[in-house]
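Report on the structure given below.
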Amino acid sequence: ELKVEQNPLFLSMQEGKNYTIYCNYSTTSDRLYWYRQDPGKSLESLFVLLSNGAVKQEGRLMASLDTKARLSTLHITAAVHDLSATYFCAAQNTNAGKSTFGDGTTLTVKP
Amino acid sequence: DTEVTQTPKHLVMGMTNKKSLKCEQHMGHRAMYWYKQKAKKPPELMFVYSYEKLSINESVPSRFSPECPNSSLLNLHLHALQPEDSALYLCASSQGVSWHQPQHFGDGTRLSIL
């Protein structure tokens, strides 16, 4: 059974600082997703990572995938308040449509 | 604004009521999903429809009954729910279950069981 662990679960950071969220998964996965969820809102897709060494960037967020280590990271550069949200990673290892989500990282960016 | 539309946004019902949640997408996606999300928890998959056929049922109690009338619509029929079923119910769609594309989520229906 595929398990996904994220850490940290809670992250409080100051504006302008850098930090990384980690996502480990237990078995081979052929795709890794990152989503963002604002309080009381739905999930928004951020990145899809498919292959070893894949790196994608959007604004202050950069996601990478190491399939050998079964690890994905979401790096935040020079955080701003607007990035405050909960970030989920989700892994999928079948073509059946089932994604397994991590518990989420709640990020709070303080001035 | 999301491209997956869910109605109603909020629903309060008693344990003996019957109600339905509706989900609609017009992106031509052929896979649709129902998730349940409790506060401060990740979404839990309930059902997956692929080409209008049920492909995954994650051992969901029979008081939840999904229906996919056509490729754009997904319903979740509710009957005799329990207080622990109170949650945010999210619908999502994707191009297909085997496509390497993310799921697009609706805004959800916040369900409260009295």
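Reminder, nothing fancy here: chain letters follow the sequence lines and each chain counts from 1.
Only the side chain of B:E58 comes within contact range of chain A, judged by heavy atoms closer than 4.5 Å. No part of B:Y49 comes within reach of chain A, as not one of its non-hydrogen atoms sits under 4.5 angstrom from that chain. With a threshold of 4.5 angstrom between heavy atoms, B:S55 approaches chain A through side-chain atoms but not through N, CA, C or O. Heavy atoms of A:E44 lying under 4.5 Å from chain B are absent altogether.
Every residue was checked against the side chain to side chain donor-acceptor pair (under 3.5 Å) condition with A:T77, not counting sequence neighbours, and none meets it.
When the candidates B:K41, B:Q37, B:K40 are compared by the number of heavy-atom contacts under 4.5 Å with chain A, B:Q37 comes out ahead.
Between B:V97 and A:Q92 the shortest heavy-atom distance is O-NE2, 3.5 Å. Across every non-hydrogen atom of B:P42 and A:F101, the tightest pair is CB-CB, 3.8 Å.
Of residues 49-74 of chain A, those residues lying under 4.5 Å from chain B by any heavy-atom pair are A:L50.
Linking Ile, Leu, Val, Met, Phe, Trp and Tyr whenever their side-chain heavy atoms come within less than 4.5 Å leaves B:V48 and B:V60 in two separate clusters. Linking Ile, Leu, Val, Met, Phe, Trp and Tyr whenever their side-chain heavy atoms come within less than 4.5 Å leaves B:L54 and B:Y35 in two separate clusters. Placement of A:Y33 and A:F88 within a single hydrophobic cluster is found when ILVMFWY residues are connected by side-chain heavy-atom separations under 4.5 Å, directly or transitively. Both A:F47 and A:L107 are part of a single hydrophobic cluster, where members link through side-chain heavy atoms under 4.5 Å apart. A chain of hydrophobic side-chain contacts below 4.5 Å, direct or via other Ile, Leu, Val, Met, Phe, Trp or Tyr residues, connects B:Y89 to B:L74.
Heavy-atom contacts from other residues, nucleotides or ligands closer than 6.0 Å to CD of B:E84 number more than 12. Annotation: B:M15, atom CE; neighbour count of heavy atoms from other residues, nucleotides and ligands within 6.0 Å does not exceed 12.
In terms of modelled atom types and a separation under 3.5 Å, the side chain of A:Y35 and the main chain of B:Q103 share a donor-acceptor contact.
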